[in-house]
There are 2 protein chains.
Amino acid sequence: MQLEKVVAYHKALADATRVRMLILLADGELNGMTLAERLSLTPATITHHATKLREAGLIQERRDKNTIYFSLNNYLLHAGAGAAEELISRRHSHSDKGGQEMDEEGQKLQALEQEAAKEKFRASVLRSFIDKEGRLKSIPAQFKKKLVVLEHLAQKLEPGRAYPEKEINEFIVQFHPDFATLRREFIMQQFMFRQKEVYELNPVEMWPRWTQLS
Amino acid sequence: MQLEKVVAYHKALADATRVRMLILLADGELNGMTLAERLSLTPATITHHATKLREAGLIQERRDKNTIYFSLNNYLLHAGAGAAEELISRRHSHSDKGGQEMDEEGQKLQALEQEAAKEKFRASVLRSFIDKEGRLKSIPAQFKKKLVVLEHLAQKLEPGRAYPEKEINEFIVQFHPDFATLRREFIMQQFMFRQKEVYELNPVEMWPRWTQLS
DNA sequence: CAACTCCTTAGCCATTTATCTAATTAGATA
DNA sequence: TATCTAATTAGATAAATGGCTAAGGAGTTG
């Protein structure tokens with residue numbers, strides 16, 4: 001029952017304090033004490049909320065000496081690579097004409113949630129199509145899901161390296177027997193290009209962005 | 001502080017019972033008693049949750065004699081007009097090979113949330129750019145927001161009716177003084193077409209779909 | 001190892017909330 | 001009008017949750 005996970009995710013965002021934390025983190029990582037100050041809460045309370053955000057996969061943390069820095073989950077920030085990223089990430093210009101467009105905060109939230117939704121879709125598709133051994137259970141029929149899976153596999157290839165057809169086939173067979181179809185898909189969907197008999201990964205910028213489909 | 005609204009929205013989805021209700025409703029409208037039975041809860045409890053879902057704008061209701069039918073918010077269903085709609089709406093084929101693709105439930109949720117996210121974006125943009133009198137405060141610079149606003153205005157025009165340039169100008173001026181720019185945008189963004197000096201609304205299918213932009 | 005810093009855990013309290021039962025309202029129908 | 005049906009409201013209760021304080025790590029630095 002992955003209903004649980006959905007509910008858990010929304011529970012994580014169903015508290016003003018936690019959302020405020022995310023908004024603060026959208027400007028860059030912060031340590032616990034700072035968060036506590038900014039929100040006028042005790043460090044204990046921050047820990048409490050950080051735990052929930054972490055469980056929902058929304059934040060990450062790293063330790064530097066005694067200090068623990070919290071930040072938004074990397075995937076949420078980099079997965080989209082879309083316009084949303086601009087909104088969320090690192091902007092320090094808090095000076096505007098203070099008029100209408102004042103709800104920058106809302107925009108960030110917007111973006112945050114869009115990213116989270118995408119990531120959840122991605123996770124859900126991979127859960128459905130990839131088994132524990134990492135093998136592809138089947139090739140998704142739905143276009144968007146297919147892209148998710150292809151992207152997933154493409155990420156395992158070395159950028160810049162030239163793969164002879166034989167190697168590509170071997171690579172694919174690790175995950176699915178139908179190497180011919182998948183190899184063709186890699187080309188058709190622009191994950192790779194082919195020169196003579198040699199395959200090479202396209203730069204990530206050329207990969208299709210399933211996040212932009214309905 | 002529209003943080004409140006965001007939190008309220010997530011609170012609405014932060015309960016398993018409510019999410020189950022939405023899943024049930026995704027197959028079509030249901031009345032309170034039926035929901036109560038299906039979920040093994042009392043009618044009172046259904047009312048309780050329905051109230052929250054309604055406040056979050058996720059469901060609608062209509063009355064027929066003594067019975068009140070709940071359904072997913074129309075906008076959520078029709079706004080997208082995208083693939084998401086397929087997923088959500090009315091599917092009665094619950095027979096599959098029961099294997100991997102078993103989490104249809106998850107897919108619906110997925111879709112639901114995507115739609116809700118879009119609608120929230122739309123609402124947020126309109127809140128920013130439309131004043132209480134319904135006038136346009138300014139023309140959004142961001143493309144996606146601009147589309148939202150144009151769509152909003154275009155909806156107020158009569159489909160199939162031919163508007164002489166003079167009338168279009170008058171129409172637009174009701175909302176914003178810069179009728180020239182907006183009129184041009186309507187054409188450029190394919191909301192309308194022009195024959196000679198006469199403007200007419202394009203069929204909705206031709207309108208741009210901002211929901212598909214990152 | 002002693003002292004310091006930052007974070008987490010444990011335990012407590014107040015508030016919110018999911019659910020129920022029982023009483024009430026809204027509307028249809030006889 | 002009396003009665004029936006479906007939904008809502010009121011009130012109670014138990015559970016979950018946000019916040020605090022105080023004590024306990026974990027890791028650094030003298």
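Here the structure is a predicted model, which is why all the values come from computation and not from measurement. Numbered from 1 within each chain, the chains take letters A, B, ... in sequence-line order.
Atom-to-atom, CD of A:Glu55 to P of C:dT8 comes out at 13 Å; the value is rounded to the nearest Å. Summarising the geometry, the separation between CZ on B:Arg62 and C1' on C:dG27 is reported as 15 Å, rounded to the nearest angstrom. Separating the CD1 atom of A:Ile46 from the C1' atom of C:dC7 is a distance of 11 Å, rounded to the nearest angstrom. Remark: P of D:dA7 and CG of B:Leu35 are 9 Å apart, rounded to the nearest angstrom. Rounded to an integer number of Å, the gap from CG of B:Asp64 to C1' of C:dT29 is 14 Å. Put simply, CE on B:Met33 is 11 Å from P on D:dT5, counting in whole angstrom units. Rounded to an integer number of Å, the gap from A:Glu29 CD to C:dC7 P is 12 Å. Between B:Arg63 atom CZ and C:dA26 atom P there is a gap of 10 Å when expressed in whole angstrom units.
At distances below 3.5 Å, not a single donor-acceptor pair connects side-chain atoms of B:Asp64 with backbone N or O atoms of B:Thr67. Side-chain atoms of A:Arg18 do not come within 3.5 Å of backbone N or O of A:Arg20 as any donor-acceptor pair. When atom types are taken as modelled, the side chain of B:Thr47 and the backbone of B:Pro43 share a donor-acceptor pair closer than 3.5 angstrom. Not one N or O on the side chain of A:Thr45 forms a donor-acceptor pair closer than 3.5 Å with the backbone of A:Leu41. Of the possible polar contacts, none joining the B:Arg63 side chain to the B:Tyr69 backbone as a donor-acceptor pair under 3.5 Å is found.
Using a 4.0 Å heavy-atom criterion, one finds that A:Ala44 contacts the bases of the nucleic acid, with or without backbone contacts as well. Residue B:Thr42 is classed as a base contact, given a heavy-atom separation below 4.0 Å to a base. Residue B:Leu41 is in sugar-phosphate contact alone, with no base atom involved, counting any heavy-atom pair closer than 4.0 Å across all strands shown.
Base pairing annotation: C:dA30 forms a Watson-Crick or G-U wobble pair with D:dT1, both donor-acceptor distances under 3.5 Å.
Put simply, A:Lys65 has no side-chain N or O that comes within less than 4.0 Å of OP1 or OP2 on C:dC6. Taking only side-chain nitrogens and oxygens, A:Thr47 never comes nearer than 4.0 Å to OP1 or OP2 of C:dC7.
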Pairwise N/O distances under 3.5 Å, protein to nucleotides 2-5 of chain C:
{"residue": "C:dT5", "atom": "O2", "partner": "A:Asn66", "partner atom": "ND2", "Å": "3.1"}

Check: protein-nucleotides 16-18 of chain D nitrogen or oxygen pairs below 3.5 Å:
{"residue": "D:dG18", "atom": "OP1", "partner": "A:Arg18", "partner atom": "NH1", "Å": "3.0"}
{"residue": "D:dG18", "atom": "OP1", "partner": "A:Arg18", "partner atom": "NH2", "Å": "2.9"}
{"residue": "D:dG18", "atom": "OP2", "partner": "A:His48", "partner atom": "NE2", "Å": "3.1"}
{"residue": "D:dG18", "atom": "OP2", "partner": "A:Lys52", "partner atom": "NZ", "Å": "2.9"}

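Ring geometry for B:Phe171 versus B:Phe186: interplanar angle of 30 to 60°, hence tilted.
In this structure, A:Glu185 and A:Lys146 have side chains that are in contact, with non-hydrogen atoms separated by less than 4.5 Å. You'll find the side chain of B:Leu25 stays beyond 4.5 Å of the side chain of B:Ser71, heavy atoms only. Contact check for B:Leu53 versus B:Leu22: side-chain heavy atoms found under the 4.5 Å cut-off.
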